Amino acid sequence: MSDSPRKAAVKAQDALKALTRHQAHHEISIIKLSEPITSYTAQEPRQRTSDASNTSLEGPTPASLEADLVHYSELFSKLRFSYVEQVTKEKFIRAIVGDPPLIVSMQENLELEKHNLEAKAELKNLKQDVASMVEDLEHKARELSQKYESIQLDKARLEELPKRIHGLQAQVAELKSSGATANANPDMNLPLPKTRHLVSRRQAEQQEVMRELEALQAKFPRKRKEAERLEAELGSLETKRQNSRAAAREAKRRKEAALGGISDDLEQRAKWWRASEDILTQLLETKS
């Protein structure tokens with residue numbers, strides 16, 4: 001193993017150790033985030049009975065926390081309405097039974113209504129700002145959750161990396177030892193640059209062969225048609241040859257039948273004359 005991969009492995013192990021130490025001191029979980037809510041609920045003198053998520057306080061989840069948030073929002077709305085109603089009744093009763101009674105003029109009512117409208121508009125803007133802020137916080141929370149899950153996956157991969165590195169080192173050593181003794185092909189022992197050059201050359205040769213094969217495949221239909229035409233002509237010529245041979249045999253048979261066997265006698269006489277000629281030739285050469 002070269003120095004650079006070894007250094008990379010050491011850096012990965014150091015990063016894994018640092019991440020493990022950091023997570024040990026800064027644990028992030030939904031249980032830790034929900035501790036303030038659960039602790040406040042445990043300190044209440046009376047446990048509420050209308051909340052369906054009471055059973056999940058020991059093991060809170062995102063769904064149970066969201067249900068608690070909805071429940072507390074509803075309770076706060078009801079409490080605010082009750083408070084406003086009670087304060088209004090109290091002021092009205094005090095104004096009536098006071099001595100002297102509190103008398104409000106029309107102008108004061110108009111100014112108060114104007115002030116209420118301004119306060120409502122300001123409250124509406126604040127609610128919109130809070131809703132936007134909550135939406136941004138939820139978006140950032142989801143991003144942080146995804147990053148945390150990605151970090152956990154990277155951590156698991158880093159934990160497996162040293163074992164894989166050791167296994168690959170053993171395989172490389174085994175391949176080197178077996179290749180040095182059992183490999184008789186010199187091309188298999190080339191260094192990486194020469195191996196890449198050899199692979200490029202073989203790929204170029206393969207492409208050239210593929211181009212030749214494509215050219216031959218393009219010529220194949222025409223050659224096949226020409227071969228079929230020649231086979232058809234050869235078949236007709238073979239038929240004519242067979243017919244000619246049959247006609248020649250038939251003509252020879254008819255000729256021999258017409259001569260009545262004279263051809264055999266003429267053949268014997270021709271053989272006798274050739275033999276006599278040979279004997280006379282040899283005698284004349286001997287006398288000379």
Side-chain angles (χ1 to χ4, degrees), residues 1-39 53 55-69 134-218:
M1 186 176 183
S2 60
D3 294 336
S4 57
R6 185 179 291 107
K7 290 180 180 179
V10 172
K11 288 182 179 179
Q13 292 178 357
D14 294 339
L16 179 61
K17 292 179 181 178
L19 180 61
T20 304
R21 289 194 299 269
H22 180 75
Q23 288 184 349
H25 292 85
H26 302 83
E27 183 179 0
I28 300 175
S29 64
I30 194 66
I31 297 176
K32 295 292 183 181
L33 295 175
S34 63
E35 282 181 356
I37 300 175
T38 55
S39 62
S53 63
T55 57
S56 63
L57 288 176
E58 296 180 357
T61 60
S64 64
L65 291 176
E66 187 174 358
D68 288 341
L69 179 61
V134 170
E135 186 177 358
D136 293 339
L137 289 175
E138 289 180 353
H139 181 68
K140 290 181 180 179
R142 290 189 180 90
E143 289 183 353
L144 290 175
S145 176
Q146 293 176 359
K147 289 181 180 179
Y148 181 75
E149 291 178 357
S150 177
I151 290 173
Q152 290 297 108
L153 292 176
D154 294 338
K155 178 185 174 183
R157 292 173 183 173
L158 286 174
E159 290 176 352
E160 296 177 357
L161 187 61
K163 296 180 181 179
R164 294 182 61 185
I165 290 174
H166 291 308
L168 292 174
Q169 287 177 352
Q171 290 181 4
V172 169
E174 184 180 357
L175 289 174
K176 285 183 178 180
S177 60
S178 61
T181 56
N183 192 9
N185 190 358
D187 293 339
M188 301 301 292
N189 296 325
L190 294 175
L192 183 60
K194 292 185 179 180
T195 303
R196 289 178 176 174
H197 178 69
L198 180 61
V199 170
S200 301
R201 189 177 65 185
R202 295 296 170 81
Q203 288 178 351
E205 293 177 356
Q206 183 181 7
Q207 291 177 359
E208 184 64 25
V209 172
M210 292 298 295
R211 284 195 292 269
E212 293 179 358
L213 180 61
E214 291 176 357
L216 292 175
Q217 287 177 351

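Just so you know, these numbers come straight off a predicted model, no measurement behind them.
Contacts of Val134 classified as side chain to side chain contact (heavy atoms under 4.5 Å, CB included), with partners at least two apart in sequence or in another chain: Val130, Glu138. In this structure, Glu66 has no side chain to side chain contact (heavy atoms under 4.5 Å, CB included) partners at least two apart in sequence or on a different chain.
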key: side chain to side chain donor-acceptor pair (under 3.5 Å) between His139 and Glu135, worked out   = CA-CA 6 Å; His139 181 68; Glu135 186 177 358; over 6 Å; no

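The distance from the NZ atom of Lys147 to the CZ atom of Arg142 is 15.0 Å, given to the nearest 0.5 Å. From Ile151, atom CD1 reaches atom CG of Leu158 across 11.0 Å, with rounding to the nearest 0.5 Å. Distance check: Asp154 CG to Leu161 CG gives 11.5 Å after rounding to the nearest 0.5 Å. Here the CD atom belonging to Glu212 is positioned 12.0 Å from the CD atom belonging to Gln217, to the nearest 0.5 angstrom.
Residue pairs meeting the side-chain hydrogen bond (donor to acceptor under 3.5 Å, both in side chains) criterion with at least one partner in residues 195-211, sequence neighbours excluded, are Glu208-Arg211.
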